[in-house]
Amino acid sequence: MTDYRQLSQEEIQVFEQNGCWAEDWTRVWVATDFRPYNFHRVVFYGDIRLGAFHKQVEVSKGFMKHSGINDATLRNVEVGNDCLIEKVGNFINNYTIGDDCYISNISTIETTEGATYGAGSTISVLNEMGDGNVTLFRELNSQLAAFMVKYHADKELTRRLQQLIDDEVRVSTPDRGIIGNRVKIINTKEITNTVVKGDCEISGAARLSECTILSSEDASVYIGTGVICENSIICDGCSINNSVKMQDCFVGEACQITNGFTAEASLFFANSFMANGEACAAFCGPFSASHHKSSLLIGGQFSFYNAGSNSNFSNHAYKMGPMHYGTLERGTKTASGSYVLMPATIGAFSVCFGKLMHHPDTRNLPFSYLMAYGETMYIVPGRNITTVGLYRDIKKWPKRDKRSKLSKKSIINFDWLSPFTVGEILQGIKILEMLRSASGDNVSTYNFHEYVINASSLRKGLKYYDIALRIYMGAVLKRATKEGFFGKPKSDVGKGPWTDLSGLLLPETEEQRLVGDIKSGSIENIMQVLDRFAEINDNYSDYRWAWSYQLILDYYHFSELNEAACERIREDYVRARRAWIAEIRKDAEKEYAMGDVEQEVYDDFLSKLDHEIDYEN
């Protein structure tokens with residue numbers, strides 16, 4: 001903590017000789033080793049605290065200037081050590097500025113009465129005209145946001161959550177605006193009621209008002225030219241640039257928002273990329289993307305999603321090359337609760353041509369294509385299990401997580417086969433078998449509500465689903481053996497249905513236990529809610545084994561898992577995995593034959609498939 005002293009008469013004389021003036025010099029306090037020589041044309045009002053100014057500051061690559069303050073008006077400001085502040089057109093008022101900052105050519109930085117710094121306001125996502133359902137605050141993550149949206153109708157739970165968040169906001173709100181250490185703010189017009197954490201760069205922004213920018217040394221934030229950001233929170237590792245306009249938003253870790261994108265009352269979580277288009281009341285979970293001017297994300301819940309242009313959802317044929325985009329996540333929803341496409345996961349994206357699916361039962365045919373020919377809608381069950389696109393996406397998503405190890409608020413489970421998706425697969429198998437049982441094998445098509453499934457597609461769907469089941473069971477058994485909890489599960493937690501809270505895969509029983517604990521008052525603060533999500537994720541392997549153990553016994557009609565049973569499962573796993581790779585190879589060969597893929601890309605992809613045998617044991 002810096003020790004301060006009052007100015008000596010000699011120091012005041014140096015200030016005045018350099019064109020500086022103070023409303024009251026006795027209210028200007030300085031660090032013990034302060035020297036007054038690098039201050040020119042500075043006006044001081046109110047209570048001022050100044051650190052020591054000894055170092056050079058790099059203002060551009062290879063261009064150094066001495067720290068100090070020039071051409072500025074300060075009122076009730078604390079400035080740390082070795083800052084350079086110059087060319088302040090209006091004033092800096094009611095702010096605490098850290099060490100080693102560079103602030104130049106700005107108009108106003110000010111804290112006014114009643115500042116919230118973007119925390120505590122409640123916005124409405126999914127329904128832009130509805131009551132608020134998500135409260136913005138610094139520690140918000142995709143799980144808590146999804147939880148608040150999901151249980152908004154539970155008034156008692158909502159009241160209790162709001163109380164916990166209000167308590168957190170109250171104790172974490174500073175008395176005045178803060179600019180952290182090593183912050184660079186240049187060519188910026190207005191910063192009002194904004195907390196800027198350390199190692200952030202703000203260059204050419206138009207206005208930041210009622211915001212918190214959670215930058216850090218290992219995950220800095222960049223705010224660029226023309227940005228207008230109001231009543232919003234921006235997390236570690238983000239880039240907001242090129243005339244973005246944002247109001248009432250939360251931007252999670254390592255997101256990029258750029259090129260004139262406009263957002264209102266929306267949430268963007270880990271690694272999302274938004275450019276050119278618009279979002280309103282949108283819940284954009286991890287890895288959501290929108291690139292096109294004609295894209296409007298409104299009233300929907302997305303993740304692992306590429307919005308595409310207008311209504312095409314980026315369903316072009318790019319799969320093997322670098323431009324492949326997926327479409328929809330495991331359960332992407334519209335505001336009304338209807339599912340836009342069949343649920344998919346981590347790249348297991350469905351295909352749609354301009355129509356929405358409204359019947360909830362279609363959720364239970366995962367990894368499927370939905371296609372329209374004229375007025376007829378066709379479902380191709382399980383087709384995406386064996387595509388190049390799925391294979392690429394399984395590999396790419398973990399590599400595209402650009403978050404710092406120290407700034408991972410949102411939980412992301414990258415398993416493409418999990419109790420959640422395999423549970424959907426089991427439902428898909430049940431539906432297809434019921435259709436075949438009802439109509440027999442000697443038909444060309446099957447009707448599923450208002451959709452049509454070709455007989456060949458139904459048979460292949462059952463085949464693909466069975467391949468996925470055997471891959472899942474073998475992989476889980478292998479992991480359970482390595483992780484030391486092989487055998488009968490020690491707990492029943494994990495049995496029964498599973499769900500997905502925007503990246504966190506968990507048993508529904510654990511979700512309901514959390515609901516009960518919040519409502520009963522046994523959870524005392526919002527950090528305990530976030531810790532519970534982390535605890536559930538830490539126990540994922542145990543919960544998965546509890547769910548999978550019974551699945552394996554039922555599938556193989558085993559009474560126990562002995563050595564012979566495990567060997568059979570392992571052999572089935574290897575055969576299923578090789579069948580899966582063979583189908584993906586066929587898909588790659590088909591795409592290459594269309595002439596859309598370069599030879600080098602094609603050969604590289606086949607080489608990766610050849611190495612899949614390395615992962616069998």
Side-chain angles (χ1 to χ4, degrees), residues 122-137 139-165 250 252 265-270 272 281-288 297-305 328-341 343-345 360 363-364 366 409-413 418-421 423-424 496-520 523 526 528-537 540 543:
T122 300
I123 66 172
S124 179
V125 296
L126 301 190
N127 183 358
E128 69 274 21
M129 300 302 292
D131 296 334
N133 53 11
V134 177
T135 301
L136 306 183
F137 71 111
E139 301 303 323
L140 184 67
N141 67 6
S142 60
Q143 281 69 54
L144 181 56
F147 189 78
M148 285 192 280
V149 170
K150 185 173 183 178
Y151 292 100
H152 178 61
D154 188 331
K155 299 305 180 185
E156 176 59 24
L157 178 64
T158 299
R159 184 196 64 79
R160 179 61 181 155
L161 275 174
Q162 189 64 52
Q163 182 182 8
L164 297 178
I165 294 172
F250 185 93
S266 294
L267 308 172
F268 307 93
F269 291 104
S272 290
F283 189 119
C284 300
F287 293 100
S288 295
L297 303 177
I298 183 168
Q301 189 169 353
F302 319 95
S303 58
F304 293 93
Y305 167 84
L328 290 172
E329 182 240 2
R330 44 197 183 211
T332 302
K333 291 191 291 186
T334 64
S336 64
S338 60
Y339 279 72
V340 181
L341 297 180
T345 184
R363 291 187 57 202
N364 297 321
K409 292 179 183 177
S410 294
I411 298 167
I412 304 176
N413 188 323
S418 68
F420 175 70
T421 51
E424 294 287 333
W498 280 54
T499 188
D500 173 16
L501 279 177
S502 194
L504 172 65
L505 302 178
L506 72 164
E508 288 186 2
T509 55
E510 287 303 285
E511 184 175 287
Q512 292 308 311
R513 185 167 71 91
L514 176 58
V515 170
D517 288 346
I518 294 172
K519 293 169 73 171
S520 70
I523 286 183
I526 200 65
Q528 290 179 355
V529 177
L530 299 173
D531 289 344
R532 180 69 67 83
F533 291 136
E535 177 188 338
I536 291 170
N537 187 59
Y540 170 72
Y543 299 158

*Phe137 and Leu144, any side-chain heavy atoms less than 4.5 Å apart*: yes
*asked:* How long is the straight-line distance from CG of Leu161 back to CG of Asp154, given to the nearest 0.5 Å?
replied: 9.0 Å
*Do the non-hydrogen side-chain atoms of Phe533 and Leu514 ever get within less than 4.5 Å of each other?*
yes
*Separation between OG1 of Thr135 and CD1 of Ile526, rounded to the nearest 0.5 Å*: 9.0 Å
*Output, in order, the C-alpha distance, side-chain angles, deciding distance and verdict of side-chain hydrogen bond (donor to acceptor under 3.5 Å, both in side chains) for Gln162 and Arg159.*
CA-CA 5 Å; Gln162 189 64 52; Arg159 184 196 64 79; over 6 Å; no
*asked:* Side chains of Met148 and Ile165, heavy atoms from C-beta outward: is any pair under 4.5 Å?
replied: yes
*Could you give the distance from CZ (Phe420) to CG (Asp500), rounded to the nearest 0.5 Å?*
5.0 Å
*Does any non-hydrogen side-chain atom of Phe147 lie less than 4.5 Å from one of Ile518?*
yes
*Assign the ring pair Tyr305 / Phe302 to parallel, tilted or perpendicular, where the plane angle (0 to 90°) is split at 30° and 60°.*
parallel
*asked:* Working note: Thr499 + Glu511, criterion side-chain contact (heavy atoms from CB on, under 4.5 Å); need CA distance, chi angles, decisive distance, verdict.
replied: CA-CA 9 Å; Thr499 188; Glu511 184 175 287; 3.2 Å; yes
*Could you check whether the rings of Phe269 and Phe283 sit parallel, tilted or perpendicular, using 30° and 60° as the cut-offs?*
tilted
*Looking at Asn413, Ile411, Leu504, which one forms a side-chain contact (heavy atoms from CB on, under 4.5 Å) with Tyr540?*
Asn413
*asked:* Could you tell me if the side chain of Leu136 sits less than 4.5 Å from the side chain of Leu267, heavy atoms only?
replied: yes
*Determine whether Tyr543 and Leu506 make a side-chain contact, defined as any pair of heavy atoms from C-beta on separated by less than 4.5 Å.*
no
_Rounded distance [0.5 Å steps], CG in Leu297 versus OG in Ser272_ = 9.5 Å
*Looking at CH2 of Trp498 and CD of Glu510, how far apart are the two atoms once the value is rounded to the nearest 0.5 Å?*
9.0 Å
*Identify the heavy atoms of Ser502 and Gly285 that sit nearest to each other, and give their distance.*
OG-CA, 3.8 Å
